[in-house]
Amino acid sequence: MSRIFSGIQPSGELHIGNYLGAVKNWVALQSQYESLFCIVDYHAITGNYSPADLQLRRRELAVSLLAAGIDPERAVLFVQSSVPEHTELAWIFNTITPLGELERQTQFKDKAQRQESVAVGLLTYPVLQAADILLYRADSVPVGEDQLQHLELSREVARRWNQRFAPDTPFFPEPKALLTPTRRIMGLDGQAKMSKSLGNTVGLLEEPTAIWEKLRPAVTDPKRVRRTDPGTPEVCNIYHLHSAFSPPALVEEVADNCRSAGWGCIDCKKALHESMERELVPIRRRAEEIGREPGRVSDALVDGARRARDIASTTLQEAKERMGLA
Ligand code: SF4
């Protein structure tokens with residue numbers, strides 16, 4: 001069975017953008033691949049954070065992942081900092097990665113230009129990401145399109161290391177992208193990607209009334225000013241959310257009723273709310289069950305870290321031997 005690795009930053013409870021853009025896909029993939037899913041707290045500390053919050057956010061994220069359907073019997077779910085081999089391999093990769101390649105990364109350039117003083121960790125973030133993936137010698141990585149450049153860097157790191165230390169038989173596989181089928185999920189403001197920092201999210205575990213309070217004023221087709229104006233569903237974020245949550249027949253009905261002005265936007269949003277509830281009710285129920293058994297999350301993470309370390313320590317030992325370090 002081929003192996004996949006994917007990571008997610010601990011920004012607390014998942015929102016539906018994370019769920020549709022990554023986690024729902026992970027749940028489907030865990031029965032087809034040997035899967036490792038990692039809460040990447042070492043990546044999270046490259047931004048501003050509070051230590052007490054980080055503890056809480058790691059736990060909340062683990063609860064959301066388990067509630068969303070990650071099954072610790074099938075997949076290895078663990079926290080990055082509980083497997084120290086990640087940072088050890090990252091250091092090794094730092095020694096073979098050209099500075100220029102890191103400086104060219106779009107995400108680094110975007111973040112760095114907004115900061116007065118740039119920490120080295122922000123620059124070498126993709127090297128740690130390469131270590132995360134290559135430590136498990138993963139064949140593929142489920143990613144969104146915005147992560148393709150970082151994945152290409154991981155492939156280059158593998159190539160460069162193999163050329164130097166395993167020229168005859170490559171030791172690290174060059175991981176392939178497994179593109180997530182759902183398109184980028186926009187926030188309810190319709191302006192930018194759904195993101196907690198922009199305050200335009202819907203939490204995966206939010207109560208139905210709170211979700212409705214957010215959906216009701218959400219941005220739709222800006223040219224549909226009056227109820228009688230025909231709309232263009234393709235430019236409307238509510239329509240794209242229907243495509244993610246509603247059955248195909250309803251998505252078609254939405255498009256027809258939008259173009260003909262048969263429905264108003266509130267009717268359309270009510271239908272979306274019902275579709276979302278169908279998917280989210282069982283997830284909320286599982287989260288409540290998990291909340292009643294506090295040891296369940298920590299047990300899953302401890303066991304996940306143990307299984308991850310079994311693989312990680314073997315890889316690192318072999319890599320060090322080839323480099324004259326062990
Ligand atoms: S009817 Fe639905 S798809 Fe059309 S603009 Fe309104 S909310 Fe968007």
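We use all heavy atoms of the structure for the numbers below, so side chains are in, but hydrogens, waters and symmetry mates are not. The structure presented is a predicted model; accordingly, all values stated were derived computationally and were not measured. In listed order, ligands and their atoms are each counted from 1. Positions are given from 1 along the sequence.
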Exercise for the section: Run the salt-bridge test on Lys196 and Glu13 with the 4.0 Å N-O cut-off and return the result as yes or no. Expected result: no

Handout entry: Note, Gln105 side chain near Gln149 side chain (heavy atom, < 4.5 Å)
Key = yes

Practice task
Could you note down all residue pairs passing ring pair (Phe, Tyr, Trp, His ring centres under 6.0 Å) where residues 6-30 supplies at least one of them, sequence neighbours left out?
Solution key: Trp26-Phe37

Practice task
Report yes or no: is the cationic atom of Arg3 (NZ for Lys, CZ for Arg) closer than 6.0 Å to the six-membered ring centre of Tyr136, at no more than 45° off its axis?
Solution key: no

Fill in the blank from the handout: Ignoring waters, protein N/O/S atoms under 2.8 Å from atom 6 (Fe) of ligand 1 are Cys265 SG

Practice task
Measure from the side-chain N and O atoms of Arg322 to the backbone N and O of Ala166, and report whether any donor-acceptor pair falls under 3.5 Å.
Solution key: no

Exercise for the section: Indicate, with yes or no, if the rings of His43 and Tyr125 have centres closer together than 6.0 Å. Expected result: yes

